[in-house]
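Computed from heavy atoms alone, side chains included, the values below leave out hydrogens, waters and symmetry copies. Each chain gets a letter, A, B and so on, in the order the sequences are listed, and its residues count up from 1.
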Amino acid sequence: MAKTYDYLFKLLLIGDSGVGKTCILFRFSEDAFNTTFISTIGIDFKIRTIDLDGKKIKLQIWDTAGQERFRTITTAYYRGAMGIMLVYDITNEKSFENIKNWIRNIEENASADVEKMLLGNKCELEEKRQVSKERGEQLAIEYGIKFIETSAKASIRVEEAFYTLARDIKAKMEKKLVSKLYTPRGGHQLKASELQKKPTSWLSRCTIL
Amino acid sequence: MVDFGTGERINRFVCPNDRQLALRAKLNTGWSVKTATLGYSHKVPQSSPLAAEEQEAIVQVIQRAEQLDMSEQQRIGKLVEKLDSMRRNALGKNAAQCLLCGDNFGILGAQKIVCMDCRRLACTKCSIDTLAGRGPRHAYQPQSKKPQLLVSLLFLTKRSKVKVKRLFVSSTAAREHWLCMICAETREMWKKSGAWFYKSIPKYVLPVDNSRFKRSKSVRASRRYKDDDSSSDEERRLWGRRKRANSSTESALDAIEQDQHNYHNNLPGYNYSRQNSSGESQVSREMDSLKTQVSSMTLNETKSWEEAGSDSRQDMEGSQLSRRDSMATKSLSDWNNWSPDNRTEDKISPSTSSINSSIFKTTNEEKAIDTSMGVIELSLTYDQETNTLHCTVYRAKNLISMDMAGLSDPFCKLNILPNAKMSTRLRTKTVHKTRNPEFNENLTFYDISESDLMKKSLHILVVDDDKYGHDYMGETRMKLAKLKYQNTIYLTVPLENLRAEQKGPVPTTELTEWFDDLWSRGQILLGLCYNTKKRALVVSVVRCVNLLPMDNNGLSDPFVKLQLKPDPNHKKHKTSIKWKNLNPVFNEEFAFETRPTELSTQSLYITVYDKDYGKSNDYLGGLILGGTGSKGLRLKHWMDMIRYPDHRHEQWHNLTEDILE
């Protein structure tokens, strides 16, 4: 048996063309960087197994093409994703503005439980910055998601971003299992009373009839 | 940045003017930057169909994803197996014994706890303290539990400052958080399999000792392990390939071939790899010869096909049905649709093309092909005089089983793709209760021109006949171009499982058309959960979609009735009425008291009615889950519910028009 892992998380990177999705992924999976711009063809994925709280988590990270002509195929991958990273380029105002469209895209296509995160990439290009960090934070707060400024080129906080997202998904998973087991208890009482009521009403009706 | 925006700030709801449109037409950028990013892309005619190498790249990614999926399914299968064996090996016989190890409880014996999930008794060695396990927890080493308990007790004493007597109370309270190993393992499986996210256990493959498939499986396995531990070298190759692809398309194709070569040669099992790579090169030769046809295709056709595809896609998105579809398979089916012409895909995708080559060449490669879905035998004859295509379906063998008895009721649906018109869809009769049906049926497609032959492919879908909708049993696709040179061909084709993760009966885009007639009654999303504490089956009616309109206003006033049969309590449940709604959301839960042992003989009757005053309610549709008649997904849903109590299993089901009594 090759590498074993405890959990498999499926992540997705979306954002405008050229914001550096592929580079972020390349940095994370291979710890390398490539300056030439190669537009992603449709979709691609990479795998990296990380260690989180003693659990091995295999991340299957889907990289999508930002270009519109691949939109049909890329949206098909939203649904299975447990976590989505919205990437914009801090030196490109437009890519930041488009984030809300991407969020809308997520709302339309992804599972409601999906964990989201906002990444402002290329933060090493401070002199060309068009989107301030505060605006990024503001937007993230607006949508209630986490925000990190990264740089794939200078390898700044890329790991952190993925680990944070994976940790959030893991936390959600634990919470879900616990709440599933606790709410039946809290909700159990409610339900029990509800259920007791229902049969009696039904029974009483039955006896009248 | 490759942002095709014109740089102008345009209000997103304002239509661009003619000049802008003309400019964008020149730049091939679609309507506007705004609409482009609004997610309306499916309405925008695609500016350029994908190039062959792009398609190939995508197909390869999808295949890679499929391999990963396959390994994941096997992994989940192992988890399921482990849990099952754990259950089988439980020794406890009565309440005085630990459920798992069978040790007697007592002062000197094992310390007893109540599992918070199943409420059964187990000893501390066979259970886990979930509170202590909150932090970083390694495997379930029973010996590590006792110190943890002590720690938690100490902690409790310190905090609450209670006397020893009270301490016992709090310690029993702490025991509320204990889980028996089986329930802990179930929870763990729920997490590991991703069921927590997809809301039911994903498709899995149980580890089997079937010597017939061992070979291909082990090859697949080794392939995936290779895949597993390296993004590294393979990815690097991909990366390199793409760089080259940028520089020149010719070399990119070469690189891909080279890539495949390397890929297979790296495999253990030299035999297989050699066969396969030779097959691949044959395929690529075939590819070249047919490349010309691809380019001859008119753009017009591409568009109509795409539009048809995207429309139905939209429908599906609207109803948000296949929530749990895994990424890969969904994309694959999507890809089928979205691909401008399916024939190129046939040529490119190694999986399909290897099948094609085996059909036409009948080489010894066949053993490398996965025949686990069964094979189908047929012959095709093209009559040039009358422009008709005669297709004779003889038989199918070794189909997958659908019902509890291990049998199926298969029939075949045949279609000429692309351009699925009503008239091009044909079906065979249903052969009941068999996995090796003899059809011996001749089906004729009319108005098939010679040019059609070159462009189109025959799609055969094998489905299980059932009144709740037709479960998927496999499919195959073959291009008809061969018929041009040869009037009659006899084929034995293995069926493929392109929709391995097709969990709901809800068809993927392409299938929607097929099943329009059958699924006119709509679908229902049901959650089943056997609650061991309450000893009751909890049924949650989540929502219905695509119900029939019954009232004059073109809507219905639906409600759902539930009944478990046979039920000693004779309990019936009804949801509230959702007025004027064809896609009602109920989110209501109902409990039926029953024993787990009885569940396998009981059936749940679900009926949907339209509320009417002054006259009897109209019947909208019904469904029976469980019992002996259940098949396919309905059977799986019911069995999952029995096998994994205390977990909610959600599943879409079709409603039938048959009136259930």
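- Applying the salt bridge (charged side-chain N to carboxylate O under 4.0 Å, His left out) test to every pair with at least one member in residues 34-43 of chain A, sequence neighbours left out, gives no pairs at all.
- Listed here is the closest heavy atom pair of B:Phe197 and A:Ser111: CZ-OG, 3.7 Å.
- Proximity of B:Gln60 to A:Asp44: side-chain heavy atoms (C-beta onward) are nowhere separated by under 4.5 Å.
- B:Ala65 approaches A:Trp62 most closely through the heavy-atom pair CB-CH2, 3.4 Å.
- The two residues B:Glu54 and A:Phe70 make their nearest non-hydrogen contact at OE2-CZ, 4.0 Å.
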Worksheet item: side-chain contact (heavy atoms from CB on, under 4.5 Å) between B:Val61 and A:Ile41: does it pass, once the steps are laid out?
Response: CA-CA 10 Å; B:Val61 170; A:Ile41 302 169; over 6 Å; no
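- For B:Phe592, the ring pair (Phe, Tyr, Trp, His ring centres under 6.0 Å) test picks out B:His573, with sequence neighbours left out.
- For B:Glu188 and A:Lys55, the salt-bridge test passes: some basic side-chain N is under 4.0 Å from an acidic carboxylate O.
- B:Arg75 places a side-chain N or O within donor-acceptor distance of the main-chain N or O of A:Tyr5, the cut-off being under 3.5 Å.
- Annotation: the span from A:Gln60 atom CD to B:Asp69 atom CG amounts to 7.0 Å, rounded to 0.5 Å.
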Practice prompt. Starting from the C-alpha separation in whole Å, work towards a yes-or-no answer on side-chain contact (heavy atoms from CB on, under 4.5 Å) for A:Met82 and B:Tyr198.
Written response: CA-CA 9 Å; A:Met82 296 172 180; B:Tyr198 301 111; 3.9 Å; yes
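- At a 4.5 Å heavy-atom cutoff, A:Ile57 makes no contact with chain B through either its backbone or its side chain.
- A salt bridge links A:Glu174 with B:Lys191: the distance from a Lys NZ or Arg NE/NH1/NH2 to an Asp or Glu carboxylate oxygen falls below 4.0 Å.
- Residue with the most contacts toward chain B among A:Leu52, A:Asp113, A:Thr74: A:Asp113 (heavy-atom pairs, distance under 4.5 Å).
- Between the CD1 atom of A:Ile73 and the CD1 atom of B:Ile58 there is a distance of 4.5 Å, given to the nearest 0.5 Å.
- Between the side chain of B:Arg64 and the main chain of A:Phe45, a donor-acceptor pair closer than 3.5 Å is present.
- A donor-acceptor pair under 3.5 Å is absent between the side-chain atoms of A:Tyr7 and the main chain of B:Ser193, judged by distance alone.
- Here the CG atom belonging to B:Leu68 is positioned 4.5 Å from the NZ atom belonging to A:Lys58, to the nearest 0.5 angstrom.
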